[in-house]
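As the structure is a prediction and not an experimental result, all values here were calculated from the model.
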Amino acid sequence: MFSKFTSILQHAVEALAPSLPLQEDFVYHWKAITHYYIETSDDKAPVTDTNIPSHLEQMLDILVQEENERESGETGPCMEYLLHHKILETLYTLGKADCPPGMKQQVLAFYTKLLGRIRQPLLPHINVHRPVQKLIRLCGEVLATPTENEEIQFLCIVCAKLKQDPYLVNFFLEVIQDPVLHLCRRQSKLKAMASKESTNVITEDMLKGQDSLATDTGQAIQPEEMPGAAGAEHMEKEDELPQQADDLSFSLDELNVTSSPESSTVCPNQDYNLVNSLLNLTKSPDGRIAVKACEGLMLLVSLPEPAAAKCLTQSTCLCELLTDRLATLYRALPQSLDPLDIETVEAINWGLDSYSHKEDASAFPGKRALISFLSWFDYCDQLIKEAQKIAAVAMAKAVRERFFVDVMEPQLMQTSEIGILTSTALLHRIVRQVTSDVLLQELVYFVLGEHREPETLPNINRHPLRHRLIEHCDHISDEISIMTLRMFEHLLQKPHEHILYNLVLRNLEERNYIEYKPLCQEDKDVVENGQIAGAIDLEEDPLFTDLSPDNTGAQEWLSVSPPVSPEHPKNDGKTEVHKIVNSFLCLVPDEAKSSYHVEGTGYDTYLRDAHRQFRDYCLICLRWEWPGSPRSLEKCNLEASFFEGHFLKVLFDRMGRILDQVVGDLMVRIQRIPDFTPKLLLVRKRLLGLEPEGPVIDHMTLLEGVIVLEEFCKELAAIAFVKYHASSTP
């Protein structure tokens with residue numbers, strides 16, 4: 001109570017006293033702080049009961065006022081005093097000792113406000129970045145402490161400053177040239193400190209030596225490793241004794257400076273304590289602190305300095321933290337989750353998670369765990385997306401090796417149908433959610449492998465996971481088949497060349513899918529326009545010719561169609577394409593068609609969708625520099641047996657079996673259903689939401705199957721028509 005009264009009285013005196021020059025006023029407040037440690041015997045009273053917070057705030061105000069009164073970039077006498085007398089070093093020592101209690105919070109707040117409110121660059125000064133580095137090491141040491149909020153605010157302002165001037169990050173990469181020698185030197189300093197304790201007094205020079213004990217991992221990068229003026233800053237003699245600001249001495253007992261025991265492990269050659277402190281705070285039980293730490297890491301990984309990126313991935317546990325947490329959250333998911341719940345759970349963005357199970361009307365068992373997993377995956381994805389290239393590649397490879405392969409693959413390869421369905425649904429969600437190009441590549445290699453040579457039947461299982469997933473497209477469980485097919489559907493829509501090439505194109509380059517007649521003796525060596533005489537091109541080679549960007553047509557959707565090569569003139573395939581289109585449209589008997597009864601469900605809607613999809617995918621393919629025309633036949637090995645590849649084989653087998661089962665006896669079955677056409681139309685309107693649900697209709701499964709088959713055939717016809725026009729338009 002008395003100390004508070006003293007503080008109020010002092011403020012009144014300061015208000016009435018005549019104003020002093022800024023430097024005198026600044027020195028007055030600093031001496032008031034230092035005299036506290038001489039005059040006060042009660043070191044248990046909290047710092048909030050002293051005048052220290054007020055004096056620190058006054059010092060900050062003076063520094064800001066001084067900067068505002070001077071020209072931009074000019075250092076005033078108050079700032080010179082702070083730098084020259086190493087005030088930040090002394091404050092760090094007091095904060096580390098937390099004397100009086102709560103002093104660490106005050107020091108962290110002072111550093112944060114100083115870096116945030118002063119516009120001129122301070123971090124290049126050795127008497128700023130060195131104590132800042134030391135203070136960084138004190139952050140995140142213990143979780144859930146009263147200083148956590150101040151710690152994360154301080155770390156984030158440092159990250160923001162590094163984002164503004166990325167080269168400054170070099171000041172925060174510590175190098176240990178000889179870890180063993182470094183350890184011996186630290187032990188010698190500890191012994192020296194122990195002998196000095198007997199004097200029970202510590203001068204400012206000794207404080208400097210004691211401060212050096214806090215360099216737990218080594219020294220800053222040497223001047224020759226620093227850019228420009230930053231290196232010159234380091235050329236100062238660091239063992240030069242500072243000029244004495246005061247004839248003050250401090251009691252070692254009052255400061256309560258204790259040394260942590262030495263670690264028996266040898267430190268790495270380089271350390272990045274800013275990252276380490278943030279990593280520790282990502283584990284905070286306070287969600288707000290954890291999110292701020294994640295934001296700080298996001299800033300650091302995006303710095304363009306290669307040395308920082310290398311240190312971040314090689315000398316910190318960032319990759320391990322990302323992947324270990326992914327694995328932990330994945331394993332916390334229930335063994336069985338409804339695929340629909342996995343697919344439809346609301347959009348996941350990393351950040352402060354405010355999900356409340358009690359307030360969620362659509363809650364389901366495991367939703368809390370699912371949101372946590374997807375949120376952290378989204379953070380990893382965004383972190384890799386924003387990261388410098390070296391860091392991005394290292395983090396993505398770690399996710400592949402430590403999470404995709406070690407954790408997800410065993411779940412995808414299991415034999416339990418429930419487990420297969422859940423793990424495939426989760427993989428499908430990840431495929432949909434990933435946005436980082438680097439992480440997408442690692443995901444693609446995880447699912448498909450890295451092979452690019454043509455497939456053969458004996459080697460289709462070279463990549464076991466790819467083989468298993470493709471087999472699941474034709475699984476005995478329709479649920480597993482549908483989920484796996486949807487996963488591949490979304491995978492094929494991703495902008496990565498290896499996906500389409502690995503699944504399809506590598507098996508078509510030799511063009512041995514072309515069927516040709518035996519040649520007469522005189523025609524054997526005849527090649528006309530790149531075609532073997534008598535050859536019948538059953539395909540228009542759409543996978544090679546339809547996706548090239550060079551052709552410009554009148555219609556927008558043909559703007560990226562390929563040119564017609566003089567060596568490969570297109571034959572008139574108009575009759576042929578109409579046969580193909582009609583073969584699809586006529587696959588369902590007229591008696592079983594219902595789309596023409598409902599407006600907006602005709603064949604033309606599929607044509608528009610096919611045009612749009614073709615145009616969009618052509619734009620994606622522009623970056624891959626695919627050839628505008630197929631390889632000429634004389635350069636192809638047409639004698640080799642054609643294998644369409646495992647993926648297409650499974651799809652064709654499944655499609656052929658479905659058509660045999662459905663179309664074969666369709667007319668016989670529909671004739672046995674009374675009022676077939678009205679019932680079929682009613683089911684279609686219900687499926688489209690045009691009619692409310694009503695009484696159950698007999699033969700519902702068959703009626704729905706007929707509708708789906710009709711729509712499927714219209715889509716195939718539209719695709720064939722669009723691809724023909726794209727490849728034939730000049």
Side-chain angles (χ1 to χ4, degrees), residues 313 318-331 333 339 342-343 348 373-374 376-385 387 389 391-415 419-453 455 459-473 475 480 483-506 645-647 650:
T313 55
L318 175 62
C319 293
E320 288 79 2
L321 177 131
L322 295 178
T323 54
D324 289 351
R325 186 170 296 183
L326 269 178
T328 299
L329 293 172
Y330 186 90
R331 292 188 179 107
L333 297 173
I342 296 174
E343 181 179 357
I348 303 299
F373 167 72
L374 294 176
W376 188 250
F377 181 82
D378 180 66
Y379 174 69
C380 296
D381 181 42
Q382 296 302 317
L383 194 70
I384 295 171
K385 188 175 183 179
K389 186 176 181 180
V393 170
M395 289 188 289
K397 286 185 179 297
V399 171
R400 176 185 172 185
E401 295 167 3
R402 296 169 60 91
F403 174 64
F404 290 154
V405 175
D406 291 352
V407 179
M408 288 195 70
E409 185 168 350
Q411 297 298 311
L412 293 165
M413 297 290 286
Q414 64 180 301
T415 56
I420 293 172
L421 184 60
T422 300
S423 58
T424 306
L426 288 167
L427 177 62
H428 175 220
R429 180 62 190 248
I430 288 173
V431 168
R432 286 173 47 206
Q433 190 167 315
V434 67
T435 59
S436 162
D437 291 340
V438 181
L439 185 57
L440 173 62
Q441 175 166 295
E442 295 301 325
L443 177 61
V444 169
Y445 289 162
F446 162 68
V447 173
L448 302 179
E450 302 182 39
H451 302 109
R452 294 179 67 84
E453 64 275 11
E455 292 178 83
N459 72 3
I460 59 174
N461 59 351
R462 288 182 63 186
H463 189 71
L465 179 60
R466 177 185 188 271
H467 180 267
R468 182 69 62 89
L469 288 172
I470 291 176
E471 289 292 316
H472 286 173
C473 292
H475 197 274
I480 291 177
M483 181 52 63
T484 309
L485 286 167
R486 297 194 65 189
M487 187 277 295
F488 275 110
E489 178 186 8
H490 279 98
L491 189 66
L492 285 165
Q493 294 172 10
K494 289 292 179 177
H496 197 285
E497 185 267 353
H498 186 71
I499 300 170
L500 193 59
Y501 190 87
N502 178 278
L503 289 173
V504 179
L505 296 184
R506 59 171 168 162
H646 191 201
F647 183 62
V650 169

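- When all heavy atoms are compared, the tightest approach of Met395 to Ala387 is CE-CB, 3.5 Å.
- Using modelled atom types, no side-chain atom of Glu409 and backbone atom of Asp406 make a donor-acceptor pair closer than 3.5 Å.
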- Message: Checking His498 against Gln441 for the side chain to side chain contact (heavy atoms under 4.5 Å, CB included) test, could you report, in this order, the C-alpha distance in whole Å, the side-chain angles of both residues, the deciding distance, and whether it holds?
- Response: CA-CA 8 Å; His498 186 71; Gln441 175 166 295; over 6 Å; no

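- Taking every heavy atom of both residues into account, Ala391 and Thr313 meet most closely at CA-CG2, 3.7 Å.
- Remark: His463 engages no residue in a ring pair (Phe, Tyr, Trp, His ring centres under 6.0 Å) (not counting sequence neighbours).
- Here the side chains of Thr422 and Pro339 are not in contact, with every heavy-atom distance at 4.5 Å or above.
- The closest side-chain heavy-atom distance from Asp378 to Gln433 is below 4.5 Å.
- In this structure, Arg402 and Val407 have side chains that are not in contact, with every pair of non-hydrogen atoms separated by 4.5 Å or more.
- Side-chain atoms of Arg325 do not come within 3.5 Å of backbone N or O of Leu321 as any donor-acceptor pair.
- Remark: Glu401 pairs with Lys397 by the side-chain contact (heavy atoms from CB on, under 4.5 Å) rule, at least two apart or across chains.
- Of the possible donor and acceptor atoms, none in the side chain of His451 sits under 3.5 Å from a partner among the backbone N and O of Glu453.
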- Task: Could you please spell out the steps behind the side chain to side chain contact (heavy atoms under 4.5 Å, CB included) verdict for Phe446 and Leu412?
- Result: CA-CA 12 Å; Phe446 162 68; Leu412 293 165; 4.1 Å; yes

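- A centroid separation of less than 6.0 Å is found between the aromatic rings of Phe647 and Phe488.
- How far CG of Asn502 is from NE2 of His646: 12.5 Å, rounded to the nearest 0.5 Å.
- Looking only at side-chain heavy atoms (C-beta outward), Thr484 and Ile470 stay at 4.5 Å or farther from each other.
- In this structure, the side chain of Asp381 engages the main chain of Thr435 through a donor-acceptor pair within 3.5 Å.
- Counting only heavy atoms from C-beta outward, the side chains of Glu442 and Val399 never approach each other to under 4.5 Å.
- Separating the CD atom in Glu471 from the CD1 atom in Ile480 is a distance of 13.0 Å, to the nearest 0.5 Å.
- For Pro495, the side-chain contact (heavy atoms from CB on, under 4.5 Å) criterion is met by Leu440, Ile620, Arg623, not counting sequence neighbours.
- For the atom pair CG (Leu427) and CD1 (Ile342), the distance works out to 10.5 Å, reported to the nearest 0.5 Å.
- With sequence neighbours left out, Asn459 forms a side-chain contact (heavy atoms from CB on, under 4.5 Å) with Glu455, Thr456, Arg462.
- A heavy-atom distance below 4.5 Å is found between the side chains of Leu503 and Arg466.
- Taking Asp437 as the reference, nothing meets the side-chain contact (heavy atoms from CB on, under 4.5 Å) condition, with sequence neighbours excluded.
- A donor-acceptor pair under 3.5 Å links the side-chain atoms of Lys494 to the main chain of Val434, judged by distance alone.
- For residues 483-492, the set of pairs meeting the salt bridge (charged side-chain N to carboxylate O under 4.0 Å, His left out) definition, not counting sequence neighbours, comprises Glu343-Arg486.
- One finds the CG atom of Leu318 at 6.0 Å from the CG atom of Leu383 (value rounded to the nearest 0.5 Å).
- Here the straight-line distance linking atom CD1 of Ile430 with atom CZ of Arg432 works out to 11.5 Å at 0.5 Å rounding.
- Formation of a donor-acceptor pair under 3.5 Å by the Thr424 side chain with backbone atoms of Met483 is not found in this model.
- Between Leu439 and Phe377, some side-chain heavy-atom pair lies under the 4.5 Å cut-off.
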- Just do the side chain to side chain contact (heavy atoms under 4.5 Å, CB included) check on Leu374 and Leu329 with the steps written out, would you? CA-CA 9 Å; Leu374 294 176; Leu329 293 172; over 6 Å; no

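- Across every non-hydrogen atom of Met408 and Ser423, the tightest pair is CE-O, 4.5 Å.
- Annotation: the span from Leu426 atom CG to Leu333 atom CG amounts to 6.0 Å, rounded to 0.5 Å.
- The cationic group of Arg400 does not satisfy the cation-pi geometry with Tyr445, failing either the under 6.0 Å distance to the six-membered ring centre or the 45° limit from the ring axis.
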- Query: What's the verdict on side chain to side chain contact (heavy atoms under 4.5 Å, CB included) for Phe403 and Asp324, showing C-alpha distance, side-chain angles and the deciding distance?
  - Reply: CA-CA 8 Å; Phe403 174 64; Asp324 289 351; over 6 Å; no

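- Looking at heavy atoms from C-beta onward, His475 lies in side-chain contact with His472 at the 4.5 angstrom threshold.
- Val438 and Ala392 get closest at one heavy-atom pair: CG1-O, 3.7 Å.
- Between the side chain of Thr323 and the backbone N or O of Glu320 there is at least one donor-acceptor pair closer than 3.5 Å.
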